[in-house]
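Structure, as structure tokens:
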Amino acid sequence: MSKNNRDNHDNEKRGKQLDRRRFLKMLGVAGVAAGAGMVLSKDVLTNSSKDGLVAKAEASNGMGEQNMEVKPGEYDQYYGFWSGGHSGEVRVMGVPSMRELMRIPVFNIECGKGWGITNDSKKMLKGITVGDTHHVHGSYVNGTYDGKYLFVNDKINNRVARIRIDIMETDAILQVPNIQGAHGLFPQRFPKTEWVVLNSEFQVPMPNRSGVDPKDYYGAHTIIDAERMAVVCQVMIDSNIDLAGTDYQGKYSFATSYNTEKGVTISEMLANDFDYLHVFNWEKIREALRKGNYKTINGVKVIDGREGKSDIVLRIPVPKNPHGVNVSPDGKYAVCSGKVSPTCTVVEISRIEDAYAGKIKPADCIAGQPEIGLGPLHTTFDGRGNAITSVFIDSTNVKWNLDRAVKGDKKPIVDVLDISYQVGHIMASMAETKEADGKWMVSLNKMSKDRFLNVGPLKPENEQLVDISGEKLRLLHDSPAYIEPHDVIIVRKDIIESKVKDRFNMFEYSVDAATTNSVDRKGKDVTVRLTANAPVFGLSEVRVKKGDRVTFHVTNNDEIADLTHGFALENHNISFTISPFQTKSVTFTAEKPGVYWFYCTNFCHALHLEMRSRLIIEA
Ligand code: CUA
């Protein structure tokens with residue numbers, strides 16, 4: 001395409017977008033006015049008109065000048081850890097290249113690595129085969145990432161998983177009782193991550209049973225021991241709690257809440273003009289646990305945090321059905337994004353102590369309430385005193401100045417970036433740490449519509465890379481994303497790189513590691529230890545009898561980095577990979593007599609195709 005043609009094409013495309021954008025805004029306003037929030041019809045969303053406006057050329061003034069290109073053989077500056085939504089996984093991306101580096105199966109069945117196929121992963125998944133990951137966060141020391149763990153929630157089955165960063169594999173999954181819609185998750189930031197908090201978005205009877213009036217449904221702020229991966233306690237409260245955050249002092253955790261109305265329909269949930277930012281006082285939680293001020297429900301200590309029942313929870317009124325709560329990197333402010341209100345509410349964390357002491361009202365903790373746009377959802381930070389908020393209905397990212405907001409400026413807007421389209425989470429590099437560096441930001445947009453080649457009725461999402469190093473927000477790149485990332489953290493590579501291993505510690509990770517080959521029988525239980533060294537398995541045949549319960553422990557004995565083998569057994573629904581010095585095990589019953597080849601699935605050698613042996617099931 002010639003430059004002129006390309007410009008025309010771009011302008012035409014931009015014109016269409018502007019047209020659609022205006023239409024969506026009108027729709028959004030009407031939606032809010034009708035009290036229906038952001039329930040948008042997809043039929044209407046995809047309508048477009050050909051005679052749109054032509055966008056004005058952007059001034060280059062104030063734009064950042066970073067280059068996102070990562071040349072062949074070069075590395076990215078950042079690791080991005082993405083949730084995978086209802087794909088149930090976590091993805092590792094390079095930032096700024098936006099290249100997908102790895103996928104980490106968590107709550108899903110994944111036949112590449114054999115997650116949900118091998119004994120270890122089956123034990124963690126306990127037969128549950130769906131999950132909805134929303135928020136990935138790293139473990140902290142002194143307000144920044146320590147590169148040890150990632151934590152991620154499952155909204156469908158109310159679980160929290162922990163991923164070991166050194167091997168980039170899930171190493172624990174915790175089932176949390178008494179809650180539904182396990183959503184906001186955040187680790188303790190200071191002095192280090194001992195606790196992880198988890199918010200339940202849906203209120204339910206506690207304990208769960210039928211025949212309960214919705215007024216007796218509750219939400220809970222669950223506290224999890226990060227090392228033991230066990231529930232410490234739950235604080236039961238009277239509303240849906242949504243996103244979570246923690247302070248930089250180890251004193252408080254935060255939860256936005258909506259549905260203080262305790263409604264079960266949309267209109268009921270939108271009745272009140274104010275909901276709350278809930279603040280949870282950790283010293284008071286410890287005190288309640290020490291004094292035994294809790295009930296045990298389904299084996300979990302449940303503290304009553306309802307209004308008038310304890311002084312653990314501070315309720316700061318925030319308009320209206322707020323969504324994200326994000327703490328500024330200097331630790332001073334918790335910013336709530338108003339969702340149904342066009343405002344962000346800036347809470348000054350240092351005032352919270354006085355509010356607990358009754359010296360000021362909870363509302364007096366609010367230091368500013370600027371107007372941001374229609375449907376503010378999440379806020380991130382550049383570490384230079386600016387906040388950037390995702391605005392769903394407007395389809396914008398809005399940069400605004402915190403200082404101006406707390407000095408009373410109702411419109412402290414620095415820049416507005418149109419995005420495509422309907423943004424959810426945004427995240428700037430290192431923005432959830434005290435080391436926020438204001439370099440890159442990713443805008444996770446829920447809809448891509450016409451931004452990519454058409455791939456059928458299900459479109460990818462659109463993740464847009466933004467250079468935030470200048471005064472203005474500069475859009476650099478669109479990436480399609482498969483169902484359905486919600487959130488991301490962007491972590492400086494030096495924090496992660498040195499922690500990541502090239503091979504497993506053979507016996508630390510599996511007591512069943514096989515360095516020699518053997519077949520042992522105890523009654524009907526047959527245990528096979530099998531080595532994999534390119535290009536051979538250690539046994540050329542294994543004989544078992546019909547009805548035997550067979551366990552294969554397969555160990556990759558190749559030390560060379562990147563030399564991963566696979567193990568797949570014909571007609572037995574078994575396949576997994578084993579990386580250098582890794583062991584995985586499977587157990588199955590030998591049912592049909594015959595000859596079954598097991599082969600290496602992962603290209604490892606010039607004779608990779610020949611890397612196979614036979615399992616013979618005798619009648
Ligand atoms: Cu081992 Cu291919």
Side-chain angles (χ1 to χ4, degrees), residues 72-73 89 91-92 99-105 108-123 164 166-171 500-520 526-544 548 550-588 590 594-617:
E89 65 187 10
R91 297 173 196 159
V92 188
R99 298 182 296 195
E100 184 179 288
L101 303 175
M102 186 46 64
R103 292 182 171 203
I104 304 171
N108 54 328
I109 304 292
E110 201 273 313
C111 62
K113 292 182 181 175
W115 192 253
I117 307 291
T118 60
N119 290 350
D120 277 2
S121 57
K122 272 171 133 171
K123 207 167 138 193
R164 267 175 64 167
D166 61 345
I167 51 175
M168 299 274 179
E169 287 204 4
T170 306
D171 87 323
V500 181
K501 291 176 178 166
D502 271 333
R503 61 188 66 76
F504 283 76
N505 294 338
M506 195 178 276
F507 290 98
E508 179 221 326
Y509 197 70
S510 175
V511 292
D512 297 311
T515 48
T516 55
N517 295 278
S518 58
V519 180
D520 295 307
V526 178
T527 304
V528 182
R529 286 174 202 281
L530 183 72
T531 60
N533 280 90
V536 287
F537 289 115
L539 297 166
S540 60
E541 66 167 54
V542 174
R543 284 176 186 271
V544 298
D548 282 346
V550 183
T551 299
F552 268 83
H553 302 300
V554 188
T555 300
N556 181 340
N557 278 259
D558 279 308
E559 191 177 351
I560 301 160
D562 202 11
L563 210 165
T564 288
H565 295 292
F567 176 92
L569 175 59
E570 290 284 328
N571 291 336
H572 279 78
N573 195 33
I574 288 169
S575 172
F576 54 83
T577 54
I578 28 174
S579 293
F581 286 0
Q582 186 174 28
T583 299
K584 287 183 185 168
S585 309
V586 285
T587 301
F588 59 96
V595 176
Y596 301 94
W597 288 94
F598 50 89
Y599 71 99
C600 177
T601 49
N602 212 74
F603 203 100
C604 58
H605 191 276
L607 296 174
H608 156 73
L609 293 179
E610 286 82 351
M611 186 168 172
R612 59 189 146 109
S613 307
R614 286 165 305 151
L615 171 74
I616 297 166
I617 302 179

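First listed ligand is number 1; within each ligand, the first listed atom is number 1. All residue numbers in this chain count up from 1 along the given sequence. What you see is a predicted model; the values in this text were computed from it and never measured.
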Set of residues satisfying salt bridge (charged side-chain N to carboxylate O under 4.0 Å, His left out) with respect to D548, sequence neighbours excluded: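 In terms of salt bridge (charged side-chain N to carboxylate O under 4.0 Å, His left out), with neighbours along the sequence ignored, D548 is linked to R521.
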Heavy-atom count around Y596 OH within 6.0 Å, excluding the residue itself: above 12?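 Buried by this count: over 12 neighbours within 6.0 Å.
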Report the protein N/O/S neighbours of atom 2 (Cu) of ligand 1 that fall below 2.8 Å; do not count waters.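 Under 2.8 Å from atom 2 (Cu) of ligand 1 - ignoring waters, which are not counted - the protein N, O or S atoms are C600 SG, N602 O, C604 SG, H608 ND1.
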Check whether the side chains of [X] and [Y] place a donor and an acceptor atom closer than 3.5 Å, and report yes or no.
{"X": "T527", "Y": "D520", "value": "no"}
{"X": "N119", "Y": "T587", "value": "yes"}
{"X": "T564", "Y": "S579", "value": "yes"}

So which of T577, L530, T601 actually passes side chain to side chain contact (heavy atoms under 4.5 Å, CB included) with F567?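 It is L530; the other options fail the test.
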